[in-house]
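Below: one structure, written as structure tokens.
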Protein chains: 2
Amino acid sequence: MSTKHELKGLPEDADLRRADSLAREIFSDVANKWAFLIVEALGERTLRFSELRDEVEGVSHKMLTQNLRMLERNGLVDRKVHPTVPPRVEYTLTAAGRGLRATVDAMCGWTHEHLGHIEDARRRFDA
Amino acid sequence: MSTKHELKGLPEDADLRRADSLAREIFSDVANKWAFLIVEALGERTLRFSELRDEVEGVSHKMLTQNLRMLERNGLVDRKVHPTVPPRVEYTLTAAGRGLRATVDAMCGWTHEHLGHIEDARRRFDA
DNA sequence: CAGCATCCCATTTGATACTG
DNA sequence: CAGTATCAAATGGGATGCTG
């Protein structure tokens with residue numbers, strides 16, 4: 001963690017709290033359906049905006065831009081603009097982004113593993 | 001996967017599609033800030049409603065109930081009502097819930113690992 | 001093509017009050 | 001204590017039109 005320590009010599013608890021609140025903030029940013037689906041869609045590939053829109057089924061132009069901005073801001077995707085005409089913008093996961101992807105993958109795996117259990121639970125609950 | 005096959009002898013693609021769409025649905029249910037924070041807070045413990053509300057900082061009464069219902073419906077938390085007065089309701093992760101928790105934990109770990117990178121990316125972006 | 005801005009409706013969320 | 005109901009406020013999200 002590259003966080004600079006406080007000048008005033010505060011207990012490092014202060015740093016921990018700052019880190020935790022940031023973590024929570026990031027967590028909230030990223031723990032969202034579209035972000036996950038975008039990260040999943042990108043995987044190891046580099047995709048253009050329009051390719052992503054096709055890939056992430058059901059996402060609107062607006063949500064895609066919004067989430068891409070957010071992911072870029074948090075250093076999870078790399079946005080490369082080719083100054084051609086027509087413009088060409090490519091998105092790729094950064095190292096951090098690939099790290100996140102691993103956890104999202106795990107979650108997908110988890111979902112599939114427990115599909116049966118979940119379907120059953122739902123039937124029971126809905127009755 | 002315990003899904004029963006269709007009577008009509010449809011190609012198993014049909015099952016796969018059903019499974020995928022269910023997975024996506026679950027994914028959407030669960031890929032939400034509060035659900036994650038609740039699962040994290042529960043961990044290996046059994047907590048009462050009010051304890052959870054204190055534990056998950058910032059969650060409103062309503063969001064907590066709503067997400068707990070959702071998690072219960074999907075078979076991720078077990079809800080045990082003690083018919084005492086005053087009432088006592090306890091929540092615990094099921095096996096499936098603990099599986100999800102593992103992936104959420106991974107995501108927390110990931111967040112902490114990349115805090116520095118993310119902070120930097122943000123500063124750069126916001127400028 | 002990518003993306004910003006705007007308008008507008010739908011959903012989510014929080015605060016409050018009420019019940020078993 | 002746990003949970004439901006209700007209303008208002010905030011946010012999410014789609015559609016459209018405009019720009020480089």
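Labels below follow one simple rule: chain letters A, B, ... track the order of the sequence lines, proteins then strands, and each chain is numbered from 1.
- Not one side-chain nitrogen or oxygen of A:Arg48 sits closer than 4.0 Å to the OP1 or OP2 atom of C:dC1.
- Where A:Asn32 and B:Pro86 meet DNA chain D, the nucleotide closest to each residue was compared, and B:Pro86 sits on the side nearer the 5' end.
- The shortest distance between the side-chain N/O atoms of B:Arg79 and the OP1/OP2 oxygens of D:dG3 is below 4.0 Å.
- One hydrophobic cluster, built from ILVMFWY side chains closer than 4.5 Å, holds both B:Leu68 and B:Val81.
- Between B:His114 and B:Trp110, the angle of the ring planes lies from 30° to 60°, which puts this pair in the tilted group.
- For B:Glu51 and D:dG3, the CD to P distance is 13 Å, given to the nearest whole Å.
- Taking atom CD of B:Gln66 as the reference point, atom P of C:dT12 lies 8 Å away to the nearest angstrom.
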Could you walk me through whether A:Asp105 and A:Arg101 satisfy the salt bridge (charged side-chain N to carboxylate O under 4.0 Å, His left out) test, starting with their C-alpha distance in whole Å, then the side-chain angles of each, then the deciding distance to 0.1 Å, before giving a yes or no? CA-CA 6 Å; A:Asp105 274 354; A:Arg101 182 183 167 235; 3.6 Å; yes
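- No hydrogens or angles were tested; on distance alone, nothing pairs the side chain of B:His61 with the base of C:dG14 as donor and acceptor under 3.5 Å.
- The main-chain N or O of A:Gly99 is never found under 3.5 Å from a side-chain atom of A:Thr103 such that the two would form a donor-acceptor pair.
- In this structure, CE of B:Met70 is placed 15 Å from P of D:dG3, rounded to the nearest angstrom.
- Rounded to whole Å, atom C1' of D:dG3 lies 13 Å from atom CD of B:Glu72.
- If you take CE of B:Met63 and P of C:dT13, they are 5 Å apart, rounded to a whole angstrom.
- The CD1 atom of A:Ile26 sits 11.0 Å away from atom SG of B:Cys108, with the distance rounded to the nearest 0.5 Å.
- The listed nucleotides are D:dG13, C:dC4, D:dG3; the one nearest the side chain of B:Tyr91 is D:dG3.
- One can place CG of A:Leu68 at 10 Å from P of C:dC4, the figure rounded to the nearest angstrom.
- The interatomic distance linking A:Asn67 (CG) with D:dG13 (C1') rounds to 11 Å, in whole Å.
- With the nearest nucleotide of DNA chain D identified for both B:Arg53 and A:Gly58, B:Arg53 has the one nearer the 5' end.
- OP1 or OP2 of D:dT4 has not a single side-chain nitrogen or oxygen of B:Thr65 nearer than 4.0 Å.
- Here B:Ser60 does not reach the OP1 or OP2 of C:dA15: none of its side-chain N or O atoms lies under 4.0 Å away.
- Of the candidate nucleotides C:dC1, C:dC7, D:dA2, D:dA2 has the atom lying nearest to any side-chain atom of B:Phe49.
- Residue A:Leu47 contributes atom CG, which lies 16 Å from atom P of C:dC1 at whole-angstrom precision.
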